[in-house]
Structure formats: C-alpha cells, structure tokens
Amino acid sequence: MLDVKYDVFGSLENNCYLITDTATGKSALVDCTEDSQKMRNFIGDCELEYILLTHGHFDHIAGVKGIRELTGAKVVISSEDSPMLSSSKASLAAFCGAQQNNTDADMIVGDGDTITLGESIIRVISTPGHTKGGLCYICDDKIFTGDTLFFCSCGRTDFPGGSSAEILKSLKKIADLKGNLKVYPGHDRVSTLDFERANNPYMK
C-alpha cells in the first residue's frame with residue numbers, strides 16, 4: 001500500500017508527490033520541479049529509491065540532477081522523453097528562461113512495465129499527447145497523470161512533440177481503466193477518475 005504526500009513547487013505551480021510503500025518505508029518522488037531547500041525538506045530523510053518522471057518538460061525535471069546526487073535515487077523516464085534530460089531546447093527550458101541542469105536516465109520504461117517499490121508494484125502506462133513520451137504511474141487505487149489529465153482538463157498539445165489526437169487517445173485509455181482511481185495530476189487539484197469520466201469534456 002502506498003502513502004502519498006504532495007506539495008506545490010515552482011512558478012508554474014507543479015505538484016510533486018512523495019510516495020512511500022507503507023510496509024517497507026521505501027519511497028519514490030513523482031516529478032522533481034526543483035532542487036531547493038523546500039524540496040529537500042519535503043523529501044526529508046526517507047529512503048528515496050526512484051525519481052519517476054511523467055515527462056521531460058523543464059518544470060518537471062529541473063531538480064532531478066541535484067536530488068539524484070543527494071539521494072542516489074534512480075531516474076525513470078520514457079525513451080521518447082529521455083533526451084529532454086540533457087537538452088534545454090527539448091525540455092523547453094531555453095524558451096522559458098529556465099535553468100537546465102543536465103542529467104540522464106537510469107531506467108527507461110514504457111507501456112506495461114512495472115517498478116517494484118518495497119512491496120508495492122507500480123504499473124507504467126504510456127500516455128503520449130502532451131509530449132511524445134508521456135507516462136502515467138498506477139499503484140493501488142492511485143494514478144499519477146503528469147500533464148496528461150488535469151481536473152476537468154488536459155495538457156497542452158501545442159508544444160513540440162504534442163498531439164491533440166494522441167492526447168485524446170491517451171485520455172480514453174485512462175478513462176477505460178477499471179475502478180475509481182484517485183487522480184494525482186501534475187498541476188491543479190487532485191480528483192477521481194469517476195469525476196473526470198463524468199465531467200471532463202476531453203474524456204467524453
């Protein structure tokens with residue numbers, strides 16, 4: 001079973017999630033907006049095994065290099081978005097005046113892969129549209145959707161690599177998942193899958 005803690009970081013108000021396997025205390029960070037004292041306090045002294053990246057835009061990866069060096073956590077991302085870890089152009093940092101702290105991936109994952117965190121199994125699903133390599137992570141009754149699915153909305157598709165057709169397919173894929181999963185998005189408020197199925201215009 002997973003325990004979830006989250007806070008908001010950076011000027012774009014990104015949600016970052018610290019997820020912990022309650023049986024073992026092993027943890028993972030979902031997205032890493034910054035390497036700041038606030039982020040380090042957020043992580044605390046937990047046993048951080050992974051940094052799970054939903055995609056490679058700068059506001060989700062800017063803190064990865066520092067937190068990886070601090071904790072030894074393995075960086076997990078899709079093959080399509082992995083070049084963003086070392087390219088300010090690909091991550092859009094260069095276009096937004098943001099700092100790019102180049103790093104690389106430790107684990108490349110894709111649709112159907114699983115990650116073991118203590119006694120918890122995290123399932124990876126591929127959800128392109130916002131970026132070519134967008135991912136969601138599912139464990140127990142929780143789904144971490146990055147910038148694919150938001151509260152009553154979805155991620156932008158007008159950046160390089162974005163596709164409105166692909167994000168609609170990805171949203172249908174999420175809508176077709178079984179159960180009323182709790183939705184933890186990359187921005188804005190937490191929701192539920194039943195609520196989004198009923199109210200999100202992009203999922204109808």
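Heavy-atom basis, side chains included; hydrogens, waters and symmetry copies ignored.
Pairs engaging residues 131-146 under the salt bridge (charged side-chain N to carboxylate O under 4.0 Å, His left out) rule: none recorded [sequence neighbours left out]. For residues 78-92, the set of pairs meeting the salt bridge (charged side-chain N to carboxylate O under 4.0 Å, His left out) definition, not counting sequence neighbours, is empty. Residue pairs meeting the salt bridge (charged side-chain N to carboxylate O under 4.0 Å, His left out) criterion with at least one partner in residues 57-77, sequence neighbours excluded, are K65-E69, R68-D104, R68-D106. Sorted by first and then second residue, the salt bridge (charged side-chain N to carboxylate O under 4.0 Å, His left out) pairs with a member in residues 157-167 read R156-D158; sequence neighbours excluded.
Applying the ring pair (Phe, Tyr, Trp, His ring centres under 6.0 Å) criterion to F9, with sequence neighbours excluded, gives F42. A search for side-chain contact (heavy atoms from CB on, under 4.5 Å) contacts involving C46 returns L18, S27, I43, L48, not counting sequence neighbours. T22 is linked by a side-chain contact (heavy atoms from CB on, under 4.5 Å) to M1, D3, counting only residues two or more places apart in sequence or in another chain. Looking at residues two or more places apart in sequence or on another chain, you find a side-chain contact (heavy atoms from CB on, under 4.5 Å) between T24 and D21, K26, E119. Partners of S153 by side-chain contact (heavy atoms from CB on, under 4.5 Å), not counting sequence neighbours, listed by chain and number: F150, Y202.
When the side chains of ILVMFWY residues are joined at heavy-atom separations under 4.5 Å, either directly or via intervening members, L70 and M39 end up in a single hydrophobic cluster.
Through side-chain heavy atoms spaced under 4.5 Å, either directly or across other Ile, Leu, Val, Met, Phe, Trp or Tyr residues, F195 is tied to F151. Other residues sharing a hydrophobic cluster with L52 under the 4.5 Å side-chain heavy-atom criterion for ILVMFWY residues are L2, V4, Y6, Y17, I19, V30, Y50, V76, M107, V109, I115, L117, I122, V124, L135, Y137, F144, Y184, V190.
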Decide side chain to side chain contact (heavy atoms under 4.5 Å, CB included) for N102 and L85; before the verdict, give the C-alpha distance in whole Å, the side-chain angles of both, and the deciding distance to 0.1 Å.
CA-CA 6 Å; N102 287 348; L85 292 171; over 6 Å; no
Evaluate L149 against M203 for side chain to side chain contact (heavy atoms under 4.5 Å, CB included), listing each step before the verdict.
CA-CA 9 Å; L149 172 62; M203 296 188 84; 3.7 Å; yes
Could you check T131 against M84 for side chain to side chain contact (heavy atoms under 4.5 Å, CB included), going step by step and ending with a plain yes or no?
CA-CA 11 Å; T131 64; M84 298 182 183; 4.1 Å; yes
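Taking both residues in full, the closest heavy atoms of I108 and A105 are given as CD1-CB, 3.9 Å, listed atom of the first, atom of the second, then distance. The two atoms that bring I77 and G56 nearest to each other are CD1-CA, 4.2 Å, heavy atoms only. Nearest heavy-atom pair, I51 versus C32, reported as atom, atom and distance to 0.1 Å: CG2-CB, 4.1 Å. Residues G118 and T116 come closest through the heavy atom pair O-CG2, 3.4 Å. Here the closest non-hydrogen pair linking S170 and T148 is CB-CG2, 4.2 Å.
To the nearest 0.5 Å, the span separating CD on Q99 from OG on S91 amounts to 11.0 Å. Atom OG1 of residue T20 and atom CG of residue L29 lie 10.0 Å apart, to the nearest 0.5 angstrom. Here the straight-line distance linking atom CD1 of I121 with atom CD1 of I138 works out to 13.5 Å at 0.5 Å rounding. Rounded to the nearest 0.5 Å, atoms SG (C139) and CD1 (I143) are 11.5 Å apart. We find the CZ-CD1 distance between R40 and I67 to be 5.0 Å, quoted to the nearest 0.5 Å. The structure places CD of E13 at 9.5 Å from NE2 of H187, a figure rounded to the nearest 0.5 Å.
Side-chain N or O atoms of Q100 include none that pairs as donor or acceptor with a backbone N or O of A62 at under 3.5 Å. Side-chain N or O atoms of H130 include none that pairs as donor or acceptor with a backbone N or O of I167 at under 3.5 Å.
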Report all side-chain donor-acceptor pairs from residues 171-180 shorter than 3.5 Å, counting only partners two or more places apart or in another chain.
unit_1	atom_1	unit_2	atom_2	d
K172	NZ	D176	OD2	2.8
K173	NZ	D111	OD1	2.8
K173	NZ	S126	O	3.0
N180	OD1	L193	N	3.4
N180	OD1	D194	N	2.7

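Other residues, nucleotides and ligands contribute more than 12 heavy atoms inside 6.0 Å of the NZ atom of K38. Counted within 6.0 Å of CZ on R123, heavy atoms from surrounding residues, nucleotides or ligands total 12 or fewer; the atom is thus considered open. The neighbour count for K5 NZ, taken as heavy atoms of other residues, nucleotides or ligands under 6.0 Å away, is above 12.
Contact annotation: the side chain of S163 never approaches that of T157 to less than 4.5 Å [non-hydrogen atoms, C-beta and beyond].
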